[in-house]
Amino acid sequence: VFVDWFDRGLIYRGFRVVNWDPILKTSVSDIETERRLVKGSLYYIKYPFEDGSGHITIATTRPETMLADVAVAVHPEDARYKHLVGKRIVLPLVGRKIPLIADEYPDPAFGTGALKITPGHDANDFEVGTRHGLEVLVAFDEIAKVTELYSPYAGMDRAVARKAVVADLEAQGFIEKIEDHEIALVVSTRSNEPTEPMASEQWFVKQSVLAQQAIEAVNDGRVDFFPNRYKSVYLDWMENVRDWCVSRQLWWGHRIPVYYTEDGTAFAAVSRDEAQKKAGGK
């Protein structure tokens, strides 16, 4: 099936945000995770403008990921911020200069309506970053500890880093307020550890293409739902499905049947001999 889908252009290798399990040190697919509602906090952080004209306040549940922020986004129709779009911001604690951009993703009703954009640690932010050509930075390593790029937090576990980042933000006057907030935590069902959304090079299946036939089967009446209200739930799922990560850094079951030539060209085949035939003289 993998070889068939690969040859049909349904499987590709790409750099995208995946569910990374820091205990097992591998990516896991969406269906190997579950959401758990937990009590958390919503942190309101002041991001100062480079020109000294004040600040914009963002709201986040994950302040530790700000180390890898590359922008702040507001909705293009949000009257509070329209006149500020295009200004440069100095990222607190890090000092990186990042832009204030307009994108339809931020919900003006959530928090302050201004969102930190961290393409390396959020799937939605990754899409925003792709639309705006933003750099993708990754703050954590394979065991969810801060990388050497972000001293003085290097080597800290993400939970420890959160406390340290918040303490430093408070000490430097960047925290506006902290509110109680319920969080939908994504947990790996294999290790029971919260996954880390993290940009990584993996193998993916183009779900939107595969889902189209399933959508058509419902829309033309070949498939019925009982109760009928679940039809809309199903269609919403299928029409918004994300590409399926099928990579494993651990060998669970079958190895991915891909062979490479010396120049890095990939061929999917059921055997080395078949791969050689597909590669021709390479």
Side-chain angles (χ1 to χ4, degrees), residues 16-24 27-47 56-75 91-93 103 105-129 137-146 150 153 156-170 174-200 233 236-237 240-242 245:
R16 300 175 63 89
V17 172
V18 298
N19 304 304
W20 184 264
D21 187 321
I23 297 296
L24 300 175
S27 58
V28 292
S29 69
D30 290 345
I31 58 173
E32 294 166 305
T33 65
E34 62 181 26
R35 292 182 178 272
R36 297 179 188 170
L37 290 177
V38 298
K39 292 180 179 179
S41 298
L42 189 60
Y43 301 85
Y44 290 77
I45 307 171
K46 301 173 186 176
Y47 279 32
I56 188 168
T57 300
I58 63 96
T60 180
T61 59
R62 299 201 65 201
E64 68 278 11
T65 64
M66 69 176 291
L67 301 173
D69 282 2
V70 295
V72 170
V74 295
H75 195 281
L91 184 61
L93 307 184
D103 191 273
Y105 170 59
D107 178 1
F110 174 77
T112 64
L115 292 180
K116 60 192 283 303
I117 301 300
T118 321
H121 292 283
D122 184 278
N124 291 311
D125 288 8
F126 187 89
E127 298 301 329
V128 173
L137 301 176
V138 177
F140 306 124
D141 62 16
E142 64 177 11
I143 56 174
K145 290 189 176 183
V146 179
Y150 301 100
Y153 310 102
M156 290 184 183
D157 177 79
R158 53 188 170 170
V160 176
R162 175 178 299 183
K163 293 178 180 178
V165 165
V166 171
D168 288 345
L169 289 170
E170 286 183 316
F174 291 114
I175 294 288
E176 189 168 288
K177 62 179 177 177
I178 302 175
E179 295 179 342
D180 292 337
H181 187 75
E182 196 169 57
I183 300 170
L185 201 64
V186 179
V187 176
S188 168
T189 54
R190 290 182 177 269
S191 67
N192 208 36
E193 176 77 6
T195 62
E196 179 59 44
M198 194 156 70
S200 178
V233 175
D236 179 67
W237 171 41
N240 295 285
V241 69
R242 294 186 188 274
C245 177

Hey, are the side chains of E127 and R16 touching, using non-hydrogen atoms and a 4.5 Å cut-off? yes

Where L185 and V38 come nearest, the two heavy atoms and their spacing: CB-CG2, 4.2 Å

Counting C-beta onward and ignoring hydrogens, is there a side-chain heavy-atom pair between E32 and S188 closer than 4.5 Å? no

Between atom CD1 of I58 and atom CG of L115, what is the distance when rounded to the nearest 0.5 Å? 8.0 Å

Are L93 and L169 side-chain neighbours, meaning at least one heavy-atom pair lies under 4.5 Å? yes

Salt bridge (charged side-chain N to carboxylate O under 4.0 Å, His left out) involving E176 - partner list, sequence neighbours excluded: none

Gap between atom OH of Y44 and atom NZ of K177 - 0.5 Å precision: 4.5 Å

All heavy atoms of P119 vs all of A199, minimum pair found to be O-CB, 4.4 Å

V128 and D103 have their tightest heavy-atom pair at CG2-OD1, 3.8 Å

Quick one: ring pair (Phe, Tyr, Trp, His ring centres under 6.0 Å) partners of Y43, sequence neighbours excluded? none

Applying salt bridge (charged side-chain N to carboxylate O under 4.0 Å, His left out), can you list everything that pairs with K39, at least two apart in sequence or on another chain? none

Side-chain heavy-atom pair I45, I175 within 4.5 angstrom cut-off: yes

Assess whether side chain to side chain contact (heavy atoms under 4.5 Å, CB included) is satisfied between R62 and I183, documenting all intermediate values. CA-CA 10 Å; R62 299 201 65 201; I183 300 170; over 6 Å; no

Does any part of the side chain of V146, heavy atoms only, come nearer than 4.5 Å to the side chain of F140, both counted from C-beta? yes

Would you compute the distance between atom CD of E64 and atom CZ of R158 and round it to the nearest 0.5 angstrom? 8.5 Å

Taking the side chain from H181 and the backbone from T61, do they hold a donor-acceptor pair closer than 3.5 Å? no

The side chain to side chain donor-acceptor pair (under 3.5 Å) partner of T118 among N124, T60, D69 is D69

Correct closest heavy-atom pair for P92 and K46 would be CG-O, 3.4 Å

For P106 against G113, the heavy-atom pair lying closest together: CB-O, 3.8 Å

Applying side chain to side chain contact (heavy atoms under 4.5 Å, CB included) to V138 and H121, what does each step give before you reach the verdict? CA-CA 7 Å; V138 177; H121 292 283; 3.8 Å; yes

Decide yes or no on side chain to side chain contact (heavy atoms under 4.5 Å, CB included) for Y105 and D125, but give the supporting numbers first. CA-CA 9 Å; Y105 170 59; D125 288 8; 3.8 Å; yes

CG (N240) with more than 12 external heavy atoms under 6.0 Å: yes

Measuring from D168:CG to K163:NZ, what's the distance to the nearest 0.5 Å? 14.5 Å

Between T112 (side chain only) and T57 (backbone N and O only), is there a donor and an acceptor less than 3.5 Å apart? yes

In this structure, CD1 of I31 is separated from OG1 of T189 (nearest 0.5 Å) by 9.0 Å

Below 4.5 Å, heavy atoms only, C-beta onward: do I56 and V74 meet side chain to side chain? yes

Would you say the side chain of V165 lies within less than 4.5 Å of the side chain of F174, judging by non-hydrogen atoms? no

Measuring from Y47:OH to M66:CE, what's the distance to the nearest 0.5 Å? 3.5 Å

Under a plain distance cut-off of 3.5 Å, with no hydrogens placed, do N19 and T33 share a side-chain donor-acceptor pair? no

Do L24 and E193 come within less than 4.5 Å of each other through their side chains, counting heavy atoms only? no

Closest contact, heavy atoms only, S29 versus C245: CB-O, 3.6 Å

